[in-house]
Amino acid sequence: MCGIVGYIGGQQAAPLLLEGLARLEHRGYDSAGVAVLGGSSGPSLRVAKTAGRVRDLADAIPKRFAGRAGVGHTRWATHGPANDVNAHPHLDAKGEVAVVHNGIIDNAGTLRERLADLGVELVSDTDTEVVAHLVGRSEADTLEGKVSEALAQIDGTYGIAVLHAGFPDRIVVARNGSPLIIGVGEKEMHVASDLAALVRYTTTVAHLEDGEIATVTASGFTTYRQDLTPAARAATKLDLDPEAYDAGEHASFMHKEMLEQPTAAERVLRGRLDERFGTAHLGGLNMDARETRAIRRVKFLGCGSAYYVGQMGATLLEELARIPSDAEAASEFRYRNPIIEPDTLYVAVSQSGETVDTLLAVQEIRRKGGRVIGLVNVVGSAIAREVDGGIYLHAGPEVAVASTKALTTMFVAFSLLALQLGRVRDLSVADGRRLIAGLTRLPEQIESILDREEELAEVAVELSRAQSLFFVGRVRGFPVAREGAQKFKEISYRHAEAYQTSELKHGPLALISPDLPTVAIVPDDELTDRNVGALHEIAARGGPLVVITHETVDLGELDARRIDVPRNERELDPILMTIPLQMLAYRAALELGHDIDKPRNLAKSVTVE
Ligand code: F6R
């Protein structure tokens with residue numbers, strides 16, 4: 001999704017803005033632009049913007065582009081196509097105001113008409129341009145006043161940064177539903193929508209809250225509420241490792257992040273297991289034993305892969321804690337006027353903590369009096385702030401669009417939740433300890449799968465030749481198949497569809513042919529025989545098979561390529577079966593020559609509905 005950067009201080013802004021934008025590239029975008037304030041004969045705006053990549057923008061910047069204050073943007077098209085004109089920054093009619101914006105202005109249509117009636121010529125198709133005109137036309141004396149007046153007319157979501165030639169000593173920023181972070185440097189200040197753009201320069205930051213405006217000058221910042229009443233906000237020093245935002249020796253962030261899974265799994269477990277009582281301690285849930293026992297149902301909400309892993313969590317929780325559980329796409333939930341029950345625990349699952357569909361689902365539940373906890377990776381993100389309690393994933397920054405290590409930590413966190421909820425109900429201490437032993441084995445087992453990259457690459461190359469693939473699994477294996485198909489389609493752009501193995505006969509079997517490989521999830525469990533039976537039906541129709549399974553599973557005479565993964569406790573097997581699927585997707589995409597970290601049409605954090 002769109003990204004914002006800003007700089008004000010003693011250095012030339014443009015190179016810093018370009019560097020910041022390059023660090024936001026992973027979020028997904030289709031055009032980019034910068035504006036700086038400079039000039040010897042009084043400050044004026046210089047703007048460069050272009051459809052395409054940040055490197056195209058760097059080429060498009062003219063030689064004379066001096067200025068020590070500036071804003072930059074990567075755009076992911078929502079209103080109007082990706083072209084030079086629609087790229088941000090957008091200017092007012094006099095060319096004095098430059099605005100970059102993340103989010104969506106819902107009443108842009110009305111505002112455009114109103115401005116047109118006043119004789120304003122709008123040059124772009126965007127919703128953002130109206131903000132520049134509203135700021136430019138405001139008669140307030142201060143830039144903060146102008147921005148405040150403009151925002152008062154806007155419905156929708158925004159993170160914005162505004163430059164004004166008449167106020168060259170400041171950038172004014174504001175937030176409503178789209179992240180905006182201020183980074184404090186030595187006699188210089190940075191602004192960004194994502195920490196990734198800041199960490200090279202500073203780890204002392206302040207997160208704006210929704211409904212706040214801030215003035216950022218070279219020497220500091222001041223925050224206000226939107227009506228300009230003071231809202232004191234201090235910067236805090238974050239314990240962040242800037243190296244975590246570099247791919248280092250890896251060819252892509254996705255590869256780096258897959259390989260980080262064993263340590264990420266260890267981190268989410270750290271300090272949370274209680275072997276003696278066979279349980280987990282999750283202090284952040286903010287629930288006492290009585291409240292925990294009163295839960296009658298658990299509902300997981302997330303989008304995309306976070307939804308699929310939520311489905312793994314629901315199965316796990318139901319098996320271990322014996323609480324009826326299910327998962328639902330957060331993007332659909334709100335639209336069916338859901339019944340919110342007081343004895344249901346809602347679990348919002350989100351790596352970024354900024355996915356707007358999940359955030360809006362959380363707000364809907366809270367509005368109706370429900371209790372929501374968050375499983376979130378990004379500390380201090382919107383969802384983390386909105387929920388009643390939660391579990392931080394401690395996966396470290398996840399940069400690649402295709403989520404890997406965050407999902408693994410989500411699954412591990414679900415296991416902790418299942419332990420804690422299960423142990424105040426039916427789960428025996430012996431079963432609790434069995435699970436803890438299994439969780440402790442997980443990191444090493446994940447590592448042993450990742451070590452087999454070259455073996456998996458051979459299979460991936462074969463799969464990459466197919467235009468269409470099936471991923472199948474049952475019960476615990478079905479969300480694994482869904483996530484496998486998701487990863488495959490996201491980065492290889494091949495059509496990959498997940499089905500319950502049990503559903504094949506009810507329709508999809510008609511598509512089986514030598515051109516359509518099936519990747520089947522077949523753990524050694526109570527469904528093995530049925531699963532293997534279904535695979536014979538596929539083989540009998542000439543369908544090529546790749547089977548993710550356990551060494552102990554007898555596939556008989558089946559003509560299949562098998563990939564054995566280590567066994568753990570049956571409840572934890574799904575995550576171990578997910579790891580080879582990530583690698584298959586990754587190596588297939590690599591074989592096809594795709595840009596792994598920037599899959600086409602996709603964005604890292606989906607901050608618009
Ligand atoms: C897939 C992927 C997406 C995200 C989804 C939710 O690899 O990354 O499907 O899982 O957009 O994102 P978060 O977890 O940030 O809410």
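Whatever order the structure lists ligands and atoms in, that order sets their numbers, starting from 1. Heads up: numbering here begins at 1 and tracks the sequence. In what follows, every heavy atom counts, from backbone to side chain, and hydrogens, waters and symmetry copies are set aside.
- For ligand 1 and Ala402, the ligand atoms under 4.0 Å from any heavy atom of the residue are 7 (O).
- Salt-bridge annotation for Arg366 and Asp388: present, with a side-chain N of the basic residue lying under 4.0 Å from a carboxylate O of the acidic one.
- Atoms of ligand 1 lying under 4.0 Å from at least one heavy atom of Gln486, given by number and element, are 1 (C), 9 (O).
- Distances from ligand 1 to the non-hydrogen atoms of Val401 include at least one value under 4.0 Å.
- Where the criterion is an N or O separation shorter than 3.5 Å, residue side chain and backbone included, Lys487 meets it with respect to ligand 1.
- Atoms of ligand 1 found under 4.0 Å from any heavy atom of Ala306, numbered from 1 in the order shown, are 10 (O), 14 (O).
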Review point. Should Glu483 and Thr578 be marked as a side chain to side chain donor-acceptor pair (under 3.5 Å) after you check the CA-CA gap, both sets of side-chain angles, and the distance that decides it?
Key: CA-CA 7 Å; Glu483 171 53 15; Thr578 306; over 6 Å; no
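- Every atom of ligand 1 is numbered from 1 in the order shown, and the set under 4.0 Å from a heavy atom of Ser352 is 13 (P), 15 (O), 16 (O).
- Remark: Arg587 engages Glu454 in a salt bridge, criterion side-chain N to carboxylate O under 4.0 Å.
- Close approach of ligand 1 to Glu490 is summarised as follows: ligand atoms under 4.0 Å from at least one heavy atom of the residue are 1 (C), 2 (C), 7 (O).
- Within the model, atoms CD1 of Ile4 and CD1 of Ile181 stand 10.5 Å from one another, a figure rounded to the nearest 0.5 Å.
- The closest approach between Glu354 and ligand 1 stays at or above 4.0 Å for every heavy atom of the residue.
- Using a 4.5 Å cut-off on side-chain heavy atoms (C-beta onward), Tyr493 and Leu592 make no contact.
- Each of the atoms 13 (P), 14 (O), 15 (O), 16 (O) of ligand 1 lies under 4.0 Å from some heavy atom of Gln351.
- Within the model, atoms CD of Glu458 and CD1 of Ile563 stand 10.0 Å from one another, a figure rounded to the nearest 0.5 Å.
- If you number the atoms of ligand 1 from 1 as listed, the ones under 4.0 Å from a heavy atom of Gly304 come out as 9 (O).
- Within a 6.0 Å radius of CD in Glu444, other residues, nucleotides and ligands contribute 12 heavy atoms or fewer.
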